[in-house]
Amino acid sequence: MPTPDVLRARLAAVDERIERAGGVGVVVVAVTKGFGRDAIEAAVAAGCERVGENYAQELLTKLPGLVGPRPEIHFIGRLQSRKVRTLVEAVDVWQSIDRASLVDELAVRRPEARMMVQVNVSDEPQKGGCAPGDAAGLVALARDRGLLVQGLMTVGRTGPPEAARSGFRLLRTLADEVGVRHCSMGMSEDLDVAVSEGATMVRVGTSLFGERPPREGSRK
Ligand SMILES: *Cc1c(COP(=O)(O)O)cnc(C)c1O
């Protein structure tokens, strides 16, 4: 785990990339998946107020025993409806809501939850997210159910950063159309492109914590 000083320097480097890409007030979510709770503690110590996690079980084992202030936890991974109930105390912002059944489940288990609709802007089957054409309907459904829709989220097209540009542009357009505050897009590799296309929130793991240890039973 990088020391707090190293982490602060890496955060400053991310901020500098954001600034160079024309971003103002862009929020950084430190993605701690794959690391232990020391990564969450280090992120908080370095001044990060928001942490992103992908895996329900991993998050639930990490949170108890966390030393120091608890950051705002953003859930950014694939989500099964039956996991929502187990996560209600752990998650503050649900970024990966991508279907009506999840909207319904979340509204029942966590009324007025802060959430985002995840959109698959690149039409890659391995990625989560609703089709772009379904985003407005899902946002409307979520609002109707009383959820607080804070933004749209996407994972950019795999490949060189520029390959993600048109998808990021599409997410920005959709976000403006439905009138949400946040456009959560851009990760370590492609955040510069995302910010230049209007990201208001980036999710950064590797650039802060280094390469993740391989995940058992997974290709990621
Ligand atoms: C892992 C992950 C990130 C962070 O990726 P890095 O390339 O390590 O910055 C961001 N968003 C989502 C949805 C992720 O799964």
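Whatever order the structure lists them in is the order used to number ligands and atoms, beginning at 1. Computed over heavy atoms, backbone and side chain alike; hydrogens, waters and symmetry mates excluded.
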* Report yes if the side chains of Arg17 and Ser207 come closer than 4.5 Å at any heavy-atom pair, otherwise no. => yes
* Asked: Are Glu105 and Ser81 close enough that a side-chain donor and a side-chain acceptor fall under 3.5 Å?
  -> no
* Asked: Would a 4.5 Å heavy-atom cut-off, applied to side chains only, mark Val204 and Phe209 as touching?
  -> no
* Val204: numbered ligand 1 atoms lying under 4.0 Å from its heavy atoms -> 9 (O)
* **Test of proximity, Ser207 against ligand 1: N or O pairs below 3.5 Å** => no
* Asked: Is it the side chain (CB and beyond), the backbone, both or neither of Gln95 that lies under 4.0 Å from ligand 1, heavy atoms counted?
  -> neither
* Answer with yes or no whether the side chains of Thr206 and Glu211 bring together a donor and an acceptor at under 3.5 Å. => no
* Asked: Which atoms from ligand 1 have a heavy atom of Thr206 less than 4.0 Å away?
  -> 6 (P), 7 (O), 8 (O), 9 (O)
* Which atoms from ligand 1 have a heavy atom of Asn54 less than 4.0 Å away? -> 14 (C), 15 (O)
* Thr200 and Arg181: side chain donor to acceptor below 3.5 Å -> no
* Structure fact -> One finds that the ligand 1 atoms under 4.0 Å from a non-hydrogen atom of Gly205 are 4 (C), 6 (P), 8 (O), 9 (O)
* Measure the shortest side-chain to side-chain distance between Ser196 and Arg165 over non-hydrogen atoms and say whether it is less than 4.5 angstrom. => yes
* Asked: Where's the contact between Arg212 and ligand 1, heavy-atom distance under 4.0 Å: side chain, backbone, both or neither?
  -> side chain
* Where do Gly22 and Val195 come nearest, in terms of heavy atoms and distance? -> C-CG1, 4.3 Å
* For ligand 1, which atoms sit closer than 4.0 Å to a heavy atom of Ile76? -> 11 (N), 12 (C), 13 (C), 14 (C)
* **Contact check, Glu189 vs ligand 1, heavy-atom distance below 4.0 Å** => no
* To do: For Val155, counting its heavy atoms only, list the atoms of ligand 1 lying under 4.0 Å from any of them.
  => 13 (C)
